[in-house]
Amino acid sequence: MFASTSLSAFSEVTISGTVDQAYETVKLTNITGQFKLNRIEPTLSNYNELKFTGSENLGPGLKAIFEVSFKDVGPDDTDKIASNYTSFVGLDGSFGKLKIGQQWRPMFNAVAYVDPTQLVYVPGFVGTSAGLATTPLSNSITYNLPSIIPGVFVQYQKGYGETSTGQGDSTGLNLVFTDGEKFFIAYATNIERMNSVGNFEGAAAGTSTIAQLGALSPFFTIYDSTNGGERRMASGVAASYNFGPFKLVYGNLSEKVEGTVAKQDTEVMGVKIPLTQSLDFGYIKTRSDNKRGSGALTGTSFTQSGNRMLFTYGLSKRTTAYFAKGQVKYDGRILGSEFKTSIDALGIQHKF
């Protein structure tokens, strides 16, 4: 339940957040053997979050708005530390909404919406496009156009890499059409200039440690940039339709590095079924076809495919118990060994 605190006659701050913990069993298969590990992770949400949002009335039809959130992060199984997640301030009025700071990319906002199992947070299940990065974009300005046509929304974003050469700069756009209940259709683009010594990689299925990732990374690399400046160009569509007894979802995303053969094509299909008033079932299947565009393996391809199911049971309006099961599989078309990661998780999520 949201807690709201009045700071003045015209100002409000809302405090909200998510606490999510699950017991996970992860099984890994790669060229060095098979491994198994158990851990405690926020499987459903990918993070625990504390968020402050607010607004101030500046006069007829105009408001100041802001958001600051924190999440817990940490490498592997080390102690988690608090990290700033989103942080922006802006204006909201008849002209639309203008925000400046650290915020989600338009492509993430559009594509993540239709995911029935929140797999956008799991590497390999929805590709590795820069536009779907699971961390907000810092140094960005976002503009939401006013909704002139009912159900149509447009968002544009400009990001800055803080370099004199323009490396790290990005632009993003989404166009959404929805009735808010039955259907949702979105188109999104993201263009980002690569940093020097930057890379574009597929998900490293079958890896769990820095050493394994370092040894196997050439097989997952789509493109390595030496000097930077290359444009990673992505476009995608996402859609969902609620038939009543079930909801179908679909997504398709393509990203390439301009002037090279490096490319990733990802397709996602899923379904969400309410089994009872409290119990929901979600399933999603994905496939990413990748072509390498740098290094000794230039022109060769590899595929990543995944599937996952999620059962959620509402213990209350704010507390949910869940069970998730899924896997990501890698076909390198070069190595004879199988690369695979499978996850089983049983957890509880609470939102306040």
Side-chain angles (χ1 to χ4, degrees), residues 1-3 14-27 37-51 69 71-73 80 85 104 108-127 132 134 178-184 186 203 238-251 267-286 305-328 341-352:
M1 181 170 143
F2 295 106
T14 299
I15 303 174
S16 62
T18 301
V19 181
D20 179 8
Q21 297 294 340
Y23 178 81
E24 274 191 2
T25 297
V26 182
K27 296 179 182 179
L37 60 95
N38 299 315
R39 62 189 184 188
I40 305 298
E41 290 288 324
T43 307
L44 187 60
S45 306
N46 191 51
Y47 56 85
N48 297 304
E49 181 187 32
L50 178 63
K51 181 187 296 185
S69 68
K71 69 169 235 178
D72 63 328
V73 296
K80 301 289 191 272
Y85 208 47
W104 293 106
F108 185 91
N109 287 335
V111 175
Y113 182 89
V114 302
D115 183 8
T117 61
Q118 298 181 237
L119 293 179
V120 72
Y121 292 112
V122 182
F125 281 98
V126 289
L132 290 181
T134 55
T178 179
D179 67 349
E181 295 182 2
K182 276 190 171 293
F183 69 88
F184 175 93
S240 68
Y241 191 87
N242 192 342
F243 290 88
F246 62 92
K247 180 170 73 172
L248 290 180
V249 303
Y250 176 80
E267 187 172 52
V268 180
M269 292 180 287
V271 63
K272 184 173 183 179
I273 305 172
L275 301 177
T276 69
Q277 187 173 357
S278 302
L279 181 65
D280 286 340
F281 169 75
Y283 176 81
I284 200 166
K285 184 173 183 178
T286 70
S305 57
N307 62 78
R308 193 176 188 182
M309 65 178 182
L310 172 71
F311 288 92
T312 60
Y313 186 82
L315 300 173
S316 70
K317 290 183 178 180
R318 300 179 298 276
T319 304
T320 301
Y322 64 87
F323 171 73
K325 183 179 182 65
Q327 72 170 9
V328 178
T341 299
S342 64
I343 298 176
D344 294 277
L346 182 63
I348 296 178
Q349 178 196 74
H350 178 79
K351 294 186 175 183
F352 60 90

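Heads up: numbering here begins at 1 and tracks the sequence. Values reported hereafter were calculated over all heavy atoms of this structure, with side chains retained and with hydrogens, waters and symmetry mates removed.
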Shortest non-hydrogen pair, Ala345 vs Ala22, comes out as CB-CB, 4.3 Å
Determine the minimum heavy-atom distance between Phe246 and Pro274, stating which atoms define it.
CA-CD, 4.5 Å
d(Leu44 CG, Thr18 OG1) to nearest 0.5 Å is 9.0 Å
Shortest non-hydrogen separation from Asp20 to Tyr322 and the atoms involved:
OD1-OH, 2.6 Å
Can you tell if the side chain of Leu248 reaches within under 4.5 Å of the side chain of Tyr241, non-hydrogen atoms only?
no
Determine whether Tyr250 and Val268 make a side-chain contact, defined as any pair of heavy atoms from C-beta on separated by less than 4.5 Å.
no
Closest contact, heavy atoms only, Leu310 versus Ala324:
CD1-CB, 3.9 Å
Flag side-chain contact, heavy atom, 4.5 Å: Phe352 against Leu50:
yes
Rounded to the nearest 0.5 Å, how far does CD of Gln349 lie from OG1 of Thr43?
10.5 Å
Take Ile40 and Tyr23, measure what side chain to side chain contact (heavy atoms under 4.5 Å, CB included) needs, and give me the verdict at the end.
CA-CA 5 Å; Ile40 305 298; Tyr23 178 81; 3.9 Å; yes
Report yes if some heavy atom in the side chain of Asp344 is under 4.5 Å from a heavy atom in the side chain of Phe323; otherwise report no.
yes
Roughly how far apart are Arg39 CZ and Thr25 OG1, rounded to 0.5 Å?
10.0 Å
Value rounded to 0.5 Å, distance of CD in Gln21 from CD in Glu41:
8.0 Å
When you compare the side chain of Lys272 with that of Val249, does any pair of heavy atoms fall below 4.5 Å?
no
Separation of Thr312 OG1 from Asp280 CG (nearest 0.5 Å)
4.5 Å
May I ask you to decide if the ring planes of Tyr85 and Trp104 are parallel, tilted or perpendicular, using 30° and 60° as cut-offs?
perpendicular
Would one find more than 12 heavy atoms of other residues, nucleotides or ligands at under 6.0 Å from atom OH of Tyr313?
no
So OG1 of Thr286 and CE of Met269: to nearest 0.5 Å the spacing works out to 9.5 Å
